[in-house]
S.K.: 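Here it is, the structure in full.
In what follows, chains are A, B, ... by sequence order, proteins preceding strands, each numbered from 1. Just so you know, these numbers use all the heavy atoms, side chains as well, and skip hydrogens, waters and symmetry mates.
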Amino acid sequence: AIIPVSSSFAKYIQAGVPVGPISDPTKTVGPGPSVLGKRSPFEHPVRKPSDLSSRTPLQDLYSTITPSDLHFERHHAGVATIDPGKYELLIHGMVSRPMKFTLADLKKFPSFTRICFLECAGNFRTGKEEMTPQDVLGLTSQSEWTGVMLSTLLREVGVSEKASWLLAEGSDASLMTRSIPRKGWDEAIIAYGQNGEALRPEQGYPARLLLPGWEGNTNVKWIRRIEISDQPFMTREETSRYTYPVKDKIRMFSFEMDARSIITYPSFPQKVDRGWIEIRGIAWTGRGKIVKVEVSTDAGKTWSSAKLQEPVLDKAHTLFRYLWQWNGENTEILSRAIDETGYIQPTLRQLVDARGTDLGGYHLNPVTSWQIRTDGSVLFKPENWK
Amino acid sequence: AIIPVSSSFAKYIQAGVPVGPISDPTKTVGPGPSVLGKRSPFEHPVRKPSDLSSRTPLQDLYSTITPSDLHFERHHAGVATIDPGKYELLIHGMVSRPMKFTLADLKKFPSFTRICFLECAGNFRTGKEEMTPQDVLGLTSQSEWTGVMLSTLLREVGVSEKASWLLAEGSDASLMTRSIPRKGWDEAIIAYGQNGEALRPEQGYPARLLLPGWEGNTNVKWIRRIEISDQPFMTREETSRYTYPVKDKIRMFSFEMDARSIITYPSFPQKVDRGWIEIRGIAWTGRGKIVKVEVSTDAGKTWSSAKLQEPVLDKAHTLFRYLWQWNGENTEILSRAIDETGYIQPTLRQLVDARGTDLGGYHLNPVTSWQIRTDGSVLFKPENWK
Amino acid sequence: KGQDTTKWPATFGFGRTATAQEISLWDIAIRPDGKGLPSGEGDAARGKVLYALKCAACHGENGRETPGFKLPAPALVSDTLFKSKPKTIGNYWPYATTLFDYMRRTMPYNLPGSLTNNEVYSLTAFLLGSNQIIKPDFILNAQTLPRVIMPAKKLFVVDDRRGGAEVK
Amino acid sequence: KGQDTTKWPATFGFGRTATAQEISLWDIAIRPDGKGLPSGEGDAARGKVLYALKCAACHGENGRETPGFKLPAPALVSDTLFKSKPKTIGNYWPYATTLFDYMRRTMPYNLPGSLTNNEVYSLTAFLLGSNQIIKPDFILNAQTLPRVIMPAKKLFVVDDRRGGAEVK
Ligand code: HEC
Ligand code: HEC
Ligand SMILES: [Ca+2]
Ligand SMILES: [Ca+2]
Ligand SMILES: [Ca+2]
Ligand SMILES: [Ca+2]
Ligand SMILES: [Ca+2]
Ligand SMILES: [Ca+2]
Ligand SMILES: [Co+2]
Ligand SMILES: [Co+2]
């Protein structure tokens, strides 16, 4: 830790005053106000990047808003750089008047703000005990989004009553495209704001589609075109990707993210002490609100209701907390989310029973479990289903 | 704007491919996932620092969460640097057992999260037409805070029933101290989390007092000591500062921040076009929830209700929006907040009538007004009350 | 209370009509029925040459997984049995039009948008051929491509889950 | 629904008892009744010398505003009329104990925490004297300081606003 020394009175600070990493803060005038804040030199939360994505450090977060620079990433041809002055959104197809909107145009329309999560449909990894929540489920984050409701723009172009699907197309080098059925249009936002400020480049600057609760990939980033149609386009991302085997079939167009949860504390590689522990985590569902989270501290034999942090928002990460007195013995702790449709987050076994062993990598939302060892160490419990 | 070129396939990118500030993003593979995100090179929101404080760029924000690096600052001896491993909070005085808590101890207790605003009691400036919302009211910001309820800690130390005040003391070089009466204890939080991550240094890392709705200065940062007492200590910050003349008296212990609002769009130095304009702004009150914001587009002659963004939270910045068709003529636009106690944000004239002309600089919450000129320019309307 | 009662106008007047030229420049998506396919044509022979030149570096000499070697890009050729691994065009892609659409917008990864329509037709023919879906001499164009029936098409079902207690 | 029904224990057992020594090291706040004042003493004559050495650079030669010159720190001396500007110790501070408490914790700004208790007593005496509140030879200590009555004390009233329609 390096302590910067500067203040409006720095000129008065006598040479020889001890200033160092462990100087007494009550006797050391600190730096004055600045243009942009920085993290404490003692804090280093980071995303975990791979070639294709980067993961949010869920275990380092205390609440539900993900700092924008820690928002997970998944892009298919890198982060596009878009000049906001040249940006335009085209809406055409089955409309009375095809139109182009500049970014300034978009910002002039009546605006809307909401907090909701985003999650990659491929979120969830297992395989070894030395995994953190970031490793297991880091492809989800939450922001406060602002933009213009898609319905406001569709009103301007005059959408045909016969229209039933639209194609959303990005302007990155993958020209990402997804077909969105009419049931997704009502809540859709063309978002230009994220956590108070402009969208971050990795989240689609200057504008993206936001479909609250729907799989991340449908929330097309760097959006430049919307084509109104009466059938899906069957793009690569909705056929050869983001589909998954279910017994002898392949399931496609799974838009809503299924309810799930994860305990973020305690988790690997943390250690716990015998005594009272507040088990903490997040739960969310693409189908509305979380109504209940249940926690088991005896490897799934019994379950009790956890406390949900108010306000519980629609399609939003919901904090849960559960008090537990650990007696120092080996055990497993688990959580399961229950959403307003009555859906209970299933076990991996239930998913395998329903879908077969060739599960694929999408829309897998099993209950996950942490093993607590007598020495207080916490390990992920990998499960194998093949 | 400089475009970084790197990706997992960078090695395949042929030399000679045109890459530059205005290259076609659909044909340029962007950089891959990274450890920490950065703002778009086209966006430069900044705080406006003076010797003593820095102000949040309210006019650049789209919603209610202030990005942590843009949170306003006001400190009295610079930003303290605290080693979290050495941090301790002492609670003593009229208690059965004086105790010290490490940061790790604080984090083990049952935790609590809420969104609320912070505002310096000295927020509000006027004086010239060329002022932005940041200049006028930039000493307020909002975060999602997490910590342990003060009441949880007081339960551990066993507070005497006779206790009625406590002293909160910071560990910065000003050893900031404020006396807090019992009515403030229930909602008080010892916060260690801000917008998902650890508190930022400027907001009191690793722990601060949070008194939702109370004047910023009472939310003692870098808190190291709480002394339980049966009378206030009459510290410098609650006597010679943060007090203000009211006619022939000096008013002290104004804890709750009075309801106020500001239009952030349109505002100086923006320009508007004739036609439909969505007037936008924020309103907040330290006394509960905002129940209504009224907007006038005819210099205060008539007022209409604006739309509030749901959910409206207790002691929180509340977005308001109001649709207006501007006919191109000179006018003034204003907003006024109404809170759940029935309080209506007053005009400067009303404040002068109630308090006299020697208003001082604290707890001034007048309705502010933007002048719209025929050329579309927007200017702040300074008011003089001497 | 807390509501702006202003009636919305029929139009806010922001934005402008897009010209036909602007639309056609961006209107590149192709539907399974062939809507959106450009004129031009191609065949596997020409595709094979292009593939070796522009694609093999990432997708492998013949588009197949090479045991013991990790390709920087997905395999493109395999047999047409659903249960076989890896899942590629032959056993997992329901529409041939998707191949044209996807390759034209994204490939080659390092130079997206650089292929001509004829080149994309030829590469599509080559890959469909390699996956034993069309004959080596099949000519692909806007008329023939939508008629190619993919083996995996019959496997696809639309998700019918709507929440509720059942795990599906 | 959405509630953890676990009963809280009488104590969670986190944290530890603070020792008397630890408390006394940090327990520096002083109340208007003098509780918290340390032993020791001081007077204006000694304070004047200290002031010139350690304070005058920021607060001005005699603690007064100099017309046409902006001090880097607030003026400390003015007359004792409330309506007079600037508002300083003489006309605006309700308690003399506050002066001791504040200076000991924060001044001199560049070396906070460097003054001895005797030095703080002397500087307090000097500043109270300069503001014509105590006589030049008054000895300040834990007994005499809380007895000093400040001219502004009678002006202070506690905010009694509780919301509602009235603007006050
Ligand atoms: C520089 C490396 C590179 C080159 C060269 C390249 N590709 Fe690719 N290709 C990729 C990557 C990486 C992906 C996966 C992209 C993704 O998943 O977003 C891919 C995906 C594909 C896919 C989809 C595969 C699937 O299973 O979904 C096809 C088809 C394809 N490429 C065809 C081609 C053709 C044809 C060429 C030559 C004209 C080509 N590629 C050249 C890297 C490359
Ligand atoms: C390096 C500059 C500097 C020096 C040296 C300095 N001060 Fe200060 N002093 C300040 C500043 C700046 C403030 C205002 C701090 C604030 O408002 O947070 C201040 C405030 C004060 C105040 C409170 C004034 C008010 O109106 O609230 C007193 C009393 C004071 N100083 C006394 C002293 C004494 C006594 C000394 C010498 C022992 C001293 N100062 C040395 C900069 C200085
Ligand atoms: Ca995506
Ligand atoms: Ca329990
Ligand atoms: Ca403060
Ligand atoms: Ca209106
Ligand atoms: Ca089309
Ligand atoms: Ca004390
Ligand atoms: Co994804
Ligand atoms: Co303040």
S.K.: Given the options C:Arg161, C:Lys87, C:Glu22, which has more heavy-atom pairs under 4.5 Å with chain A than any of the others?
M.R.: C:Arg161
S.K.: Taking atom types as modelled, is there a side-chain donor on C:Asp27 or C:Ser24 under 3.5 Å from an acceptor on the other?
M.R.: no
S.K.: What part of C:Phe12 gets closer than 4.5 Å to chain A, counting heavy atoms only: side chain, backbone, both or neither?
M.R.: both
S.K.: With a 4.5 angstrom heavy-atom cut-off, which part of A:Gln350 approaches chain C: side chain, backbone, both or neither?
M.R.: both
S.K.: Mind ranking C:Asp33, C:Thr88, C:Ile89 by heavy-atom pairs under 4.5 Å with chain A and telling me who comes out on top?
M.R.: C:Asp33
S.K.: May I ask you to say whether C:Arg16 pairs ionically with A:Glu88, meaning some side-chain N is under 4.0 Å from a carboxylate O?
M.R.: yes
S.K.: Less than 4.5 Å to any heavy atom of chain A: does that hold for the side chain of C:Phe156, its backbone, both, or neither?
M.R.: both
S.K.: Tell me if a side-chain donor or acceptor on C:Asn117 pairs with a main-chain N or O of C:Gly40 at a distance below 3.5 Å.
M.R.: no
S.K.: Is A:Glu237 close to chain C through its backbone or its side chain, or both, or neither, when contacts mean heavy atoms under 4.5 Å?
M.R.: side chain
S.K.: Measuring heavy-atom distances to chain C, does A:Arg251 have an atom under 4.5 Å in its side chain, in its backbone, in both, or in neither?
M.R.: both
S.K.: Determine, for A:Glu238 against A:Arg178, whether the closest basic-nitrogen to carboxylate-oxygen distance falls under 4.0 angstrom.
M.R.: yes
S.K.: Under 3.5 Å, side chain of A:Thr235 to main-chain N/O of A:Thr177, donor-acceptor pair present?
M.R.: yes
S.K.: Mark yes or no: A:Arg155 above the aromatic ring of A:Phe109, with NZ or CZ under 6.0 Å from the six-membered ring centre and no more than 45 degrees from the axis.
M.R.: no
S.K.: Among C:Gly113, C:Pro74, C:Ala10, C:Ala152, who wins on heavy-atom pairs under 4.5 Å with chain A?
M.R.: C:Ala10
S.K.: Under 4.5 Å, counting heavy-atom pairs only, tell me which of A:Arg287, A:His363, A:Arg355 racks up the most with chain C.
M.R.: A:Arg287
S.K.: Between the side chain of A:Thr341 and the main-chain N/O of C:Gly164, is any donor-acceptor distance below 3.5 Å?
M.R.: yes
S.K.: With a 4.5 angstrom heavy-atom cut-off, which part of A:Arg97 approaches chain C: side chain, backbone, both or neither?
M.R.: side chain
S.K.: Would you mind checking if A:Asp230 and C:Arg31 are paired as a salt bridge, meaning a charged N to carboxylate O distance below 4.0 Å?
M.R.: yes
S.K.: Based on non-hydrogen pairs under 4.5 Å, which of C:Thr97, C:Ile30, C:Asp101 is most in contact with chain A?
M.R.: C:Ile30
S.K.: Using modelled atom types only, decide if a donor and an acceptor are shared between the side chain of C:Asn118 and the backbone of C:Tyr121 within a distance under 3.5 Å.
M.R.: no
S.K.: Looking only at atom types and distance, does a side-chain atom of C:Asn131 sit under 3.5 Å from a main-chain N or O of C:Ser78, one as donor and one as acceptor?
M.R.: yes
S.K.: Which atoms of A:Pro110 come close to chain C, meaning under 4.5 Å heavy atom to heavy atom: side chain ones, backbone ones, both, or neither?
M.R.: side chain
S.K.: Answer with side chain, backbone, both or neither: which region of A:Ser254 has an atom nearer than 4.5 Å to a non-hydrogen atom of chain C?
M.R.: both
S.K.: Given heavy-atom pairs under 4.5 angstrom as the criterion, report whether the side chain, backbone, both or neither of A:Asp353 touches chain C.
M.R.: neither
S.K.: Can a donor-acceptor pair be found, under 3.5 Å and without considering hydrogens, that links the side chain of A:Ser96 to the backbone of A:Val157?
M.R.: yes
S.K.: Say whether, by atom type as modelled, one donor and one acceptor occur between the side chain of A:Tyr87 and the main chain of A:Ile223 under 3.5 angstrom.
M.R.: yes
S.K.: Return the option, out of C:Thr106, C:Thr98, C:Thr19, with the maximum number of heavy-atom pairs under 4.5 Å with chain A.
M.R.: C:Thr98
S.K.: Any salt bridge linking A:Glu187 with A:Arg114? Criterion: basic side-chain nitrogen under 4.0 Å from a carboxylate oxygen.
M.R.: yes
S.K.: Quick check for you: among C:Phe14, C:Trp8, C:Trp93, which has the greatest number of heavy-atom pairs under 4.5 Å with chain A?
M.R.: C:Phe14
S.K.: Given a strict heavy-atom distance threshold of 4.5 Å, which part of A:Lys183 is in contact with chain C: side chain, backbone, both, or neither?
M.R.: side chain
S.K.: Could you check whether any side-chain N or O of A:Lys249 sits under 3.5 Å from a backbone N or O of C:Lys154, counting only pairs where one atom can act as donor and the other as acceptor?
M.R.: yes
S.K.: So for C:Leu99, is it side chain, backbone, both, or neither that comes closer than 4.5 Å to the heavy atoms of chain A?
M.R.: neither
S.K.: Based on non-hydrogen pairs under 4.5 Å, which of A:Leu167, A:Asp358, A:Asp339, A:Thr243 is most in contact with chain C?
M.R.: A:Thr243
S.K.: Just so I understand: if I count every heavy-atom pair under 4.5 Å between each of A:Thr102, A:Asp248, A:Leu153 and chain C, which residue has the most?
M.R.: A:Asp248
S.K.: Relative to chain C, which segment of A:Glu169 carries a heavy atom at a distance below 4.5 Å: side chain, backbone, both, or neither?
M.R.: side chain
S.K.: Relative to chain C, which of A:Arg236, A:Lys108, A:Glu340, A:Gln345 shows the most heavy atom pairs under 4.5 Å?
M.R.: A:Arg236
S.K.: Checking heavy atoms, do the side chain of C:Ala20, its backbone, both or neither come under 4.5 Å from chain A?
M.R.: neither
